[in-house]
Protein chains: 2
Amino acid sequence: MNATIKDVARAANVSIATVSRILNNQPGYSLKTKQRVLKAIKTLNYQPNAVARGLINKKTRTLGILVPNVSSMFSSLLLKGVEDAAYTRGYSVIMCHTANSGVRTMDYLHVLKEKRVDGLLFTSEVLKDAYYDEIRRMGVPLVLLATQSLNDSIPYVKVDDRMAAYHAVRYLIAKGHTKIGMISGNKEDRIAGQPRIDGFIQALKDHNLSFNQKQIVYGPSFSFDDGKRLLPDLLSKNRGLTAIFAASDFLAVGALSAAYSSGLRVPDDLSIIGYDNLEIAKMSLPPLTTVGQPLFQIGSVGGMMLIDIIEGKGNVEGRILPHQIIERQTVSERSKALTEKNYDKQ
Amino acid sequence: MNATIKDVARAANVSIATVSRILNNQPGYSLKTKQRVLKAIKTLNYQPNAVARGLINKKTRTLGILVPNVSSMFSSLLLKGVEDAAYTRGYSVIMCHTANSGVRTMDYLHVLKEKRVDGLLFTSEVLKDAYYDEIRRMGVPLVLLATQSLNDSIPYVKVDDRMAAYHAVRYLIAKGHTKIGMISGNKEDRIAGQPRIDGFIQALKDHNLSFNQKQIVYGPSFSFDDGKRLLPDLLSKNRGLTAIFAASDFLAVGALSAAYSSGLRVPDDLSIIGYDNLEIAKMSLPPLTTVGQPLFQIGSVGGMMLIDIIEGKGNVEGRILPHQIIERQTVSERSKALTEKNYDKQ
DNA sequence: GTGATCATCGTAAACGTTTACGTTAATCCG
DNA sequence: CGGATTAACGTAAACGTTTACGATGATCAC
């Protein structure tokens, strides 16, 4: 049905080798034949078969990306960044929704191996040994997005979570807050869990604020529902809290919702800072102050890095991208007077 | 580096044809040799090369999906649905972010043709003639997701937008509202524009409510910012409005935000119903009542349909999926008394 | 004029599969 | 027992490219 290189060769009265050379602009033909071939290509509407090319070149110009949830606001921004890098470099990307499932992830790794992708992106999740072994057997480069591996020197692109959390809390302190609580997500999460908790605690200590374990409250995940459920919990365990650091925007927005339900006014009665700067942050009521991760950029830088490695231009080093405090309307300046007043209330 | 079928054949002391037969479980070998081959496969960690397979079978078991914005809550849910269908049927999907750009879309169509995908999904956007011509030349099946083509009989999966809008407005009316406005997005949008406007108007007429063009206000798109900007506009043009139908959840949440800013209380002073039922709808303040499109399901049904067509099991008919009114907290019952009272205010 | 160089091409092998066809030996039926 | 059938394989072509190598003729230097 579709024209092949052979048809073009016949139409232009040359050999397929010549056509191939012209397609890949290598030397070895006259201008006249080049024009003749180009014309034949146009009239036949010929487009080279990437499958055949892939077979002989051992390059498919496609990447595989594994994400826990294709449709989450978080992952989808990473996806978009990766896609953008791939597009500008002439690659395609196969998306794999792992659903946090081990068997599904392994399934996909097998498929991606069979399809001979040139490289792999792994996102958000912890890179289990079983995954890593399989990827090593594939023999293709890998870069980690918004996550990091402990054991090995796998290139990654992410934000410094500990530092970002530190800055979020420092921002709260700079605004005059001294009684600060934290809504953490899953403590076990190697990226969004402990590092952000560490940053929280460190910021408190560095500013001579007391810290007690009950100032942190944990959820099974980082979701809206968790935030909604966790805020009252945190508040009841700690009297006089004036500000809260939430380890994700979803947690923060959930907390916002709980605050609203219980008549607490944000930011007048309670300040809240989130983490991620997802689309939802600017649409919440009131708009959420948060620490911004450049997710799109993480995706695109990671994609570029992977392609560099594939093409042998690789600097195979992890990269930390800058975070940023996005000031909106959920954190208020806290004067000494106000603080005193609140103390009186108790 | 990776073992080939030849290596397996040598290791098991059979011909490659026999290995191939075993892999594709066709008849033509004894149980003994099968076991021998399977063992060789295991020890060599052999996995067939899908590229070579694709070359000879002329099937790549991969789909291409074109979406205007990979990271939008809307598209990403469709993506997820498609991915799910593909996964269960043993296909992969290449995602293509068109960014509403004609050249980028054409670029992708060329790439997908070169890579010989087995089928195409086209999403949200209008299928321009140039796109369609190109796709016809590719000679692969196409299904439309959450959109529809006028001219031709291309299979699609979507909701009945006109009907859904009708039901949204009927719901408002059933709640006692008689002065209803609409925030539309882009009027030119063939799916989210006119059909929903038609539904709105029809519902008004069918319930003997007057309609005036100024009851509808239009934005360049369907975004949060548009909603925020458009609500005051709508309100100033129409006194005494008690309920609003927004053509998207983003518009609705934007309107929510504008209402909050201007001291209007939702749903006490103003009821709002959205459209889409995105993740944001349940996280807004207050949680948004909206008409739900089953986006994930649209994606998965569409994916299944496409694969059915590819594999020749095809019923090539468009499908309308059911929508649903999702009741949350932005629409209030409006008693006659209240209505009167509001009239007095004016 | 002659050998060397070079531009311009063609031939054929290779990539890793699938599959039509042929071959061998065993089995079966009468 | 002899011919036909069949199970169990192997051989080789084909898919659509790329590329090493060779071939041809023209050009060049001397």
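This structure is a prediction, so every number in the text was calculated from the model and none was measured. Note on naming: letters A, B, ... go to the chains in the order of the sequence lines (proteins, then strands), and numbering restarts at 1 for each one. The figures here come from the full heavy-atom set of this structure, side chains too, leaving out hydrogens, waters and symmetry mates.
When the nucleotides D:dC15, C:dG10, D:dT11 are ranked by their closest atom to the side chain of A:Ser15, C:dG10 comes out on top. Comparing C:dG16, C:dT17, C:dT11 by their nearest atom to the side chain of A:Leu55 picks out C:dG16. When distances are taken from the side chain of A:Ile56 to each of C:dA14, C:dT17, C:dT19, the shortest belongs to C:dA14. Distance from the side chain of A:Ser30 is smallest to C:dC9 among D:dT18, C:dC9, C:dT18. Picking from D:dT17, D:dT18, C:dT17 the nucleotide with the shortest atom distance to the side chain of B:Ala52 gives C:dT17.
OP1 and OP2 of C:dC15 both lie 4.0 Å or more from every side-chain N or O belonging to A:Asn57. Taking 4.0 angstrom as the limit, A:Lys58 places none of its side-chain polar atoms (N or O) nearer than this to OP1 or OP2 of C:dA14. Within the 4.0 Å cut-off from OP1 or OP2 of C:dG16, not a single side-chain nitrogen or oxygen of B:Arg53 is found. A:Tyr29 has no side-chain polar atom (N or O) that falls below the 4.0 Å cut-off from OP1 or OP2 of C:dC6. Between B:Lys32 and D:dA8, a side-chain N or O to OP1/OP2 separation shorter than 4.0 Å is absent. Side-chain nitrogen and oxygen atoms of B:Thr33 include at least one within less than 4.0 Å of the OP1 or OP2 phosphate oxygen of D:dC9.
Straight-line distance from the CD atom of B:Gln26 to the P atom of D:dA8: 15 Å, rounded to whole Å. Atom CG of B:Leu23 and atom C1' of C:dT19 are 14 Å apart (whole Å). Straight-line distance from the CG atom of A:Asn24 to the C1' atom of C:dC9: 16 Å, rounded to whole Å. We find that CZ of A:Arg61 is positioned 17 Å from P of D:dT17, with the value rounded to whole Å. Rounded to an integer number of Å, the gap from B:Asn13 CG to D:dC9 P is 11 Å. Computed from coordinates, the A:Arg10 CZ to C:dT11 P distance equals 13 Å when rounded to whole Å. Atom CG of A:Asn49 is separated from atom C1' of D:dT18 by 13 Å (rounded to the nearest Å). We find that CD of B:Gln47 is positioned 15 Å from C1' of C:dG16, with the value rounded to whole Å.
Backbone-only engagement by B:Pro48 is indicated by non-hydrogen atom pairs under 4.0 Å involving sugar-phosphate atoms exclusively. Contact annotation for B:Thr18: backbone-only contact, meaning every heavy-atom pair under 4.0 Å involves sugar-phosphate atoms and none involves a base. Note on B:Ile16: a base of the nucleic acid sits closer than 4.0 angstrom, heavy atoms only. Within the nucleic acid shown, B:Thr4 comes within 4.0 Å of sugar-phosphate atoms alone, with no base atom in reach, counting heavy atoms only. Nucleic acid contact class of B:Val14 (heavy atoms, under 4.0 Å, all strands): sugar-phosphate only.
No side-chain N or O of A:Thr60 forms a donor-acceptor pair with one of A:Lys115 less than 3.5 Å apart. Looking at B:Asn69 and B:Ser71, their side chains do bring a donor and an acceptor atom within 3.5 Å of each other.
Tested against B:Glu125 for a side-chain contact (heavy atoms from CB on, under 4.5 Å), the candidates B:Thr147, B:Asn100, B:Val67, B:Leu144 yield a single pass: B:Asn100.
In this structure, A:Arg21 forms no cation-pi arrangement with A:Tyr29, as its terminal cationic atom is not both closer than 6.0 Å to the ring centre and no more than 45° off the ring axis. The cationic group of A:Arg319 does not satisfy the cation-pi geometry with A:Tyr156, failing either the under 6.0 Å distance to the six-membered ring centre or the 45° limit from the ring axis.
One donor-acceptor pair, N or O on each side, does fall under 3.5 Å between the base of D:dG10 and the side chain of B:Arg21.
When the shell of 6.0 Å around CG of B:Asn57 is examined, it contains more than 12 heavy atoms from other residues, nucleotides or ligands.
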